[in-house]
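Sharing a structure here in structure tokens format.
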Amino acid sequence: WQATLDGLVKKNRIDLKMLLSPAIIEAKDQDWKIIFSDDLKAHYQNISENENKQIILETLQEVTSDVKIELAVEISEAKIDEEKNLNKPELQWIKDVRQMGKDLNIPIEMEE
């Protein structure tokens with residue numbers, strides 16, 4: 001999954017990477033799911049847009065070399081099993097963004 005996120009950045013779609021950061025990612029064989037908690041409806045709606053979903057799917061297929069992968073985007077009110085999550089914790093994501101900003105000489109300030 002991390003390779004997919006990196007691929008989105010290479011395609012200049014850091015916006016999608018940011019929206020995906022709090023998502024739960026599950027994969028079983030060729031069926032992949034992006035699951036958002038109920039309080040992230042805006043994230044869900046944006047990622048569910050056909051164009052965005054297609055960009056994510058194509059990037060996932062490229063990094064896995066598997067064109068048969070299918071991708072679903074869901075919103076869940078139920079408790080999500082964190083052990084199945086393939087997405088890095090948000091803290092690592094924040095480190096990645098800070099490093100990217102530093103590499104590109106973009107000042108990044110965050111409020112705790």
Side-chain angles (χ1 to χ4, degrees):
W1 180 248
Q2 185 59 47
T4 301
L5 296 176
D6 293 342
L8 291 172
V9 172
K10 288 178 185 172
K11 292 180 178 186
N12 296 315
R13 293 308 306 260
I14 193 168
D15 59 321
L16 296 179
K17 180 180 178 180
M18 290 172 39
L19 289 169
L20 290 166
S21 67
I24 301 297
I25 309 301
E26 293 183 359
K28 183 175 182 182
D29 300 321
Q30 294 172 321
D31 296 321
W32 287 66
K33 290 182 185 177
I34 299 171
I35 306 169
F36 291 99
S37 62
D38 188 50
D39 60 333
L40 295 172
K41 288 181 180 155
H43 289 62
Y44 165 77
Q45 290 171 343
N46 196 308
I47 294 299
S48 294
E49 291 178 8
N50 287 335
E51 179 185 351
N52 292 338
K53 184 178 173 185
Q54 189 62 33
I55 291 168
I56 296 164
L57 175 61
E58 288 171 1
T59 306
L60 179 60
Q61 290 173 338
E62 288 168 11
V63 300
T64 60
S65 300
D66 187 351
V67 296
K68 295 182 180 180
I69 286 179
E70 301 216 2
L71 183 64
V73 182
E74 301 176 0
I75 195 156
S76 175
E77 294 180 21
K79 175 120 174 76
I80 299 169
D81 186 355
E82 292 287 338
E83 289 182 16
K84 293 182 182 178
N85 186 9
L86 299 178
N87 207 2
K88 285 185 175 182
E90 186 173 0
L91 293 177
Q92 181 60 45
W93 175 82
I94 291 172
K95 291 177 188 177
D96 293 345
V97 170
R98 286 183 182 161
Q99 183 61 45
M100 188 179 316
K102 184 177 179 182
D103 293 345
L104 298 172
N105 293 321
I106 300 170
I108 296 177
E109 293 184 30
M110 293 185 56
E111 293 183 23
E112 297 298 325

- Which heavy atom in Lys17 sits nearest to a heavy atom in Leu8, and how many Å separate them? N-CD1, 4.3 Å

- Gln2 side, atom CD; Ile25 side, atom CD1 - distance, nearest 0.5 Å: 11.0 Å

- Close side-chain approach of Trp1 to Ile34, heavy-atom, < 4.5 Å: yes

- Query: Of all residues at least two apart in sequence or in a different chain, which pass the salt bridge (Lys or Arg N to Asp or Glu O under 4.0 Å) check with Glu70?
  - Reply: none

- Does Leu71 offer a backbone N or O that forms a donor-acceptor pair with the side chain of Lys53 under 3.5 Å? yes

- Query: What's the shortest heavy-atom distance between Val73 and Ser48, and which atoms?
  - Reply: CG1-OG, 3.4 Å

- Task: Could you tell me which non-hydrogen atom of Ser76 sits nearest to which non-hydrogen atom of Ile35, and how far apart they are?
- Result: CB-CG2, 3.7 Å

- Message: Restricting to non-hydrogen atoms, name the atom on Phe36 and the atom on Leu19 that form the minimum distance, rounded to 0.1 Å.
- Response: CE2-O, 3.3 Å

- Item | Nearest heavy-atom neighbours spanning Met100 and Ile14 | SD-CD1, 3.3 Å

- Query: With the threshold set at 4.0 Å, does a side-chain nitrogen-carboxylate oxygen contact exist between Glu62 and Lys10?
  - Reply: no

- Query: Which distance, rounded to the nearest 0.5 Å, do you find between the CD of Gln45 and the CD1 of Ile75?
  - Reply: 7.5 Å

- Kindly indicate whether the side chain of Glu26, heavy atoms from C-beta on, has any atom under 4.5 Å from the side chain of Glu74. no

- Message: Under the rule for salt bridge (Lys or Arg N to Asp or Glu O under 4.0 Å), what residues qualify as partners of Asp38, not counting sequence neighbours?
- Response: Lys41

- Query: Roughly how far apart are Leu5 CG and Leu20 CG, rounded to 0.5 Å?
  - Reply: 6.0 Å

- Query: Quick one: side-chain hydrogen bond (donor to acceptor under 3.5 Å, both in side chains) partners of Asp15, sequence neighbours excluded?
  - Reply: Arg13

- Query: Can you get from Leu104 to Val9 by hopping between Ile, Leu, Val, Met, Phe, Trp and Tyr side chains that sit under 4.5 Å apart?
  - Reply: yes

- Considering all heavy atoms, the nearest Leu16-Ile56 contact: CD1-CG1, 4.1 Å

- Task: With sequence neighbours excluded, tell me which residues meet side-chain hydrogen bond (donor to acceptor under 3.5 Å, both in side chains) with Gln54.
- Result: Glu58

- Note on the structure: Taken in chain and number order and not counting sequence neighbours, the residues that satisfy side chain to side chain contact (heavy atoms under 4.5 Å, CB included) with Asn50 are none

- Across all chains, not counting sequence neighbours, the side-chain hydrogen bond (donor to acceptor under 3.5 Å, both in side chains) partners of Gln30 are Asp66

